[in-house]
Amino acid sequence: MKTYKLFTFVAGERMLSKYPDAEAKGIVEAEKIANELLETYIHEAPCDTFVACVEDEWDLHCNNYLCWQEDYYGERYWKMMENGYWCPIGMRLLTEYEREELDLLREEKEIHIWDLDEEQLKKLRSEICVGSCYGSDYKNSFEIDTNEVYNYSEGYLSFIEECGYEDMPKEFAEYCMGVEVA
C-alpha cells in the first residue's frame, strides 16, 4: 500500500512548515485526512485552499499531482494540478482514466508478508538486502511496509545462522511461511 504525503496550500501558498502536514497509508486514508486538513484551513481562503497529495515531496515541483479541493457548491473531490517547468500551471478535473485509477487505488488493501505465497516470497527475497540497516533496502514491489520486511529479515538471519543454512530465496520463503503471526 502506498504512503502519501499531504501538504496544505492556503490562498495558493504552501503552509510554512517544510515537512508534510500529514502522511497516510493508502488513498482512502489520504482522502479522510485531506478532508480534515481542508476543513481546518478552508475558512481563510475558500477558493484557493487545497490539500496536495503526493508520494514524494519532489512531485510538487515536477509532476502532476492530486489535490483535494472544495468547489463553489461545497462538494469536495480530487482534481489534478498540472505542473509546467518547475511551477504549477493550474488545476483541472480528472480524466476518465485518472478516475478509474483512483477507484482502483481505493480498493487497494494493505499486503503483509504472510499474505504472499512461496513464489512471491522468493521474489521478495531477491528484491531486498537482508541484513542492511537502511530502510530503503527493504522497499519492494509488493508495497509491504519496510519495517515489517526488516523485522522478518532479522528473524530470518538469526534462523539461518542458528541452523547453519545458506541464505537462499527458498529458505527465506520457508522461514516466512513457517513463522507464527501474533
Side-chain angles (χ1 to χ4, degrees), residues 1-116 120 124 127-128 134-152 181:
M1 183 170 285
K2 293 181 181 179
T3 300
Y4 297 98
K5 293 172 178 41
L6 302 169
F7 296 89
T8 306
F9 288 77
V10 177
E13 294 293 323
R14 170 79 183 99
M15 297 299 288
L16 298 176
S17 171
K18 64 180 180 177
Y19 301 106
D21 296 309
E23 285 193 11
K25 279 230 175 244
I27 199 71
V28 173
E29 185 181 343
E31 283 179 359
K32 181 182 167 217
I33 294 171
N35 204 39
E36 292 168 3
L37 288 169
L38 193 61
E39 189 64 39
T40 303
Y41 294 105
I42 196 159
H43 308 291
E44 296 176 32
C47 298
D48 296 322
T49 299
F50 60 91
V51 178
C53 178
V54 293
E55 289 182 59
D56 188 278
E57 188 173 352
W58 184 249
D59 292 337
L60 292 172
H61 305 290
C62 61
N63 293 324
N64 298 341
Y65 54 88
L66 289 171
C67 295
W68 188 253
Q69 189 176 36
E70 183 175 290
D71 66 14
Y72 292 106
Y73 301 106
E75 291 184 41
R76 295 180 182 178
Y77 45 86
W78 291 111
K79 288 186 173 182
M80 185 65 71
M81 177 65 78
E82 290 281 337
N83 258 333
Y85 292 104
W86 298 99
C87 68
I89 295 173
M91 262 190 255
R92 63 170 172 75
L93 295 173
L94 299 179
T95 64
E96 183 67 32
Y97 175 75
E98 291 166 338
R99 283 194 305 270
E100 288 172 4
E101 271 196 15
L102 192 58
D103 287 340
L104 287 174
L105 288 174
R106 286 185 179 119
E107 295 171 10
E108 182 181 48
K109 82 174 194 82
E110 189 167 5
I111 298 175
H112 299 281
I113 286 183
W114 57 85
D115 294 328
L116 303 180
Q120 291 170 321
L124 174 65
E127 294 176 358
I128 61 174
Y134 300 106
S136 61
D137 287 338
Y138 296 94
K139 285 188 177 181
N140 56 84
S141 63
F142 298 101
E143 299 287 336
I144 298 172
D145 184 81
T146 56
N147 290 323
E148 181 179 323
V149 177
Y150 170 80
N151 290 335
Y152 267 81
V181 179

Student: Show the numbers, then the answer: is there a side chain to side chain donor-acceptor pair (under 3.5 Å) between Gln69 and Trp78?
Tutor: CA-CA 6 Å; Gln69 189 176 36; Trp78 291 111; over 6 Å; no
Student: Measure the CD-CG distance between Gln120 and Leu124 for me, rounded to the nearest 0.5 Å.
Tutor: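 Output value for this atom pair is 9.5 Å.
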Student: Taking atom NZ of Lys139 as the centre, does the number of heavy atoms from other residues, nucleotides or ligands within less than 6.0 Å exceed 12?
Tutor: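 Not more than 12 within 6.0 Å, no.
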Student: Which heavy-atom pair separates Leu60 from Ala52 by the least distance, and what is that distance?
Tutor: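 Taking Leu60 first and Ala52 second, the nearest heavy atoms are CD2-CB, 3.7 Å.
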Student: Phe50 vs Trp68, test: side chain to side chain contact (heavy atoms under 4.5 Å, CB included). Steps then yes/no.
Tutor: CA-CA 6 Å; Phe50 60 91; Trp68 188 253; over 6 Å; no
Student: Taking all non-hydrogen atoms of both residues into account, name the closest pair between Ala30 and Cys53 and its distance.
Tutor: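 Reported closest heavy-atom pair: CB-SG, 4.1 Å.
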Student: Within a strict 4.5 Å, meaning less than it, do heavy atoms of the Thr3 and Asp145 side chains meet?
Tutor: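 The answer is no, as the side chains (C-beta and beyond) never meet within the 4.5 Å cut-off.
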Student: For Tyr150, look at atom OH and say whether over 12 heavy atoms of other residues, nucleotides or ligands are found less than 6.0 Å away.
Tutor: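 Not buried by this count: 12 neighbours or fewer within 6.0 Å.
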Student: Just how far is it from atom CD1 of Ile128 to atom CG of Asn140, taken to the nearest 0.5 Å?
Tutor: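 That separation rounds to 7.5 Å.
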Student: Taking ring-ring contact (aromatic ring centres under 6.0 Å, His included) as the definition, give me every residue that meets it alongside Tyr4, ordered by chain and number, with sequence neighbours left out.
Tutor: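 Counting only residues at least two positions away or on another chain, Tyr4 forms no ring-ring contact (aromatic ring centres under 6.0 Å, His included).
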Student: Which pair of heavy atoms, one from Ala24 and one from Ile33, lies closest together, and at what distance?
Tutor: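 Shortest heavy-atom contact: CB-CD1, 3.9 Å.
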Student: Determine, step by step, whether Glu98 and Met80 satisfy the side chain to side chain contact (heavy atoms under 4.5 Å, CB included) criterion, reporting the C-alpha distance in whole Å, the side-chain angles of both residues, the deciding distance to 0.1 Å, and the verdict.
Tutor: CA-CA 9 Å; Glu98 291 166 338; Met80 185 65 71; 3.6 Å; yes
Student: Donor-acceptor pair, distance only, cut-off 3.5 Å: does the side chain of Asp115 make one with the backbone of His112?
Tutor: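 Present.
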Student: As an exercise, state the distance from CD1 of Ile27 to CD of Glu107, rounded to the nearest 0.5 Å.
Tutor: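 Atom-to-atom, Ile27:CD1 and Glu107:CD are 13.0 Å apart.
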Student: Could you tell me whether a side-chain N or O of Arg76 sits under 3.5 Å from a main-chain N or O of Glu70, the two making a donor and an acceptor?
Tutor: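 Side chain of Arg76 to backbone of Glu70: no pair is present.
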Student: Just verifying a value: how many Å separate Thr49 OG1 and Leu37 CG, rounded to the nearest 0.5 Å?
Tutor: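 Nearest 0.5 Å value for the OG1-CG distance: 11.5 Å.
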Student: Can you tell which of Glu29, Glu23, Glu55 makes a salt bridge (Lys or Arg N to Asp or Glu O under 4.0 Å) with Lys2?
Tutor: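 It is Glu55; the other options fail the test.
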Student: Is it true that a side-chain atom of Glu39 and a backbone atom of Asn35 form a donor plus acceptor pair closer than 3.5 Å?
Tutor: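 Checked: no pair found.
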Student: In the structure I gave you, are the side-chain heavy atoms of Arg106 and Glu31 within less than 4.5 Å of one another anywhere?
Tutor: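 With C-beta onward as the side chain, the pair touches.
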Student: Does a side-chain heavy-atom distance below 4.5 Å link Tyr134 with Asp137?
Tutor: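 Yes; the side chains approach each other to less than 4.5 Å.
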Student: Work out which heavy atom in Val51 is nearest to a heavy atom in Ala34; give both atom names and the distance.
Tutor: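 In this case the closest contact between Val51 and Ala34 is CG2-O, 3.6 Å.
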Student: Does Glu13 have more than 12 heavy atoms from other residues, nucleotides or ligands lying within 6.0 Å of its CD?
Tutor: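 No, not enclosed.
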Student: Taking atom types as modelled, find out whether Asn83 and Tyr65 have a side-chain donor-acceptor pair closer than 3.5 angstrom.
Tutor: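 Judged by distance alone, the side chains do not pair up.
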Student: Enter the distance from Leu66:CG to Leu102:CG here, rounded to the nearest 0.5 Å.
Tutor: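 Leu66 atom CG to Leu102 atom CG measures 6.0 Å (nearest 0.5 Å).
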Student: Does Asn63 offer a backbone N or O that forms a donor-acceptor pair with the side chain of Asp59 under 3.5 Å?
Tutor: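 Flag not set: sc Asp59 to bb Asn63 has no pair under 3.5 Å.
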Student: Start with the C-alpha distance between Thr95 and Glu100, add both sets of side-chain angles, then the distance that settles side chain to side chain contact (heavy atoms under 4.5 Å, CB included), and finish with yes or no.
Tutor: CA-CA 9 Å; Thr95 64; Glu100 288 172 4; over 6 Å; no
Student: With rounding to the nearest 0.5 angstrom, report the CD to CG distance, Glu108 to Leu104.
Tutor: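 Taking CD in Glu108 and CG in Leu104, the distance rounds to 9.5 Å.
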Student: Output, in order, the C-alpha distance, side-chain angles, deciding distance and verdict of side chain to side chain contact (heavy atoms under 4.5 Å, CB included) for Tyr77 and Leu93.
Tutor: CA-CA 9 Å; Tyr77 45 86; Leu93 295 173; 3.9 Å; yes
Student: Would Tyr97 and Glu101 count as having a side-chain donor-acceptor pair, cut-off 3.5 Å?
Tutor: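 Distance-only check passes for Tyr97 and Glu101.
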Student: Could you please spell out the steps behind the salt bridge (charged side-chain N to carboxylate O under 4.0 Å, His left out) verdict for Lys5 and Glu57?
Tutor: CA-CA 7 Å; Lys5 293 172 178 41; Glu57 188 173 352; over 6 Å; no
Student: What I want to find out is whether Arg14 reaches Asp21 closely enough, with some N-O distance under 4.0 Å, to be called a salt bridge.
Tutor: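 Counted as a salt bridge, because a side-chain N and a carboxylate O are separated by less than 4.0 Å.
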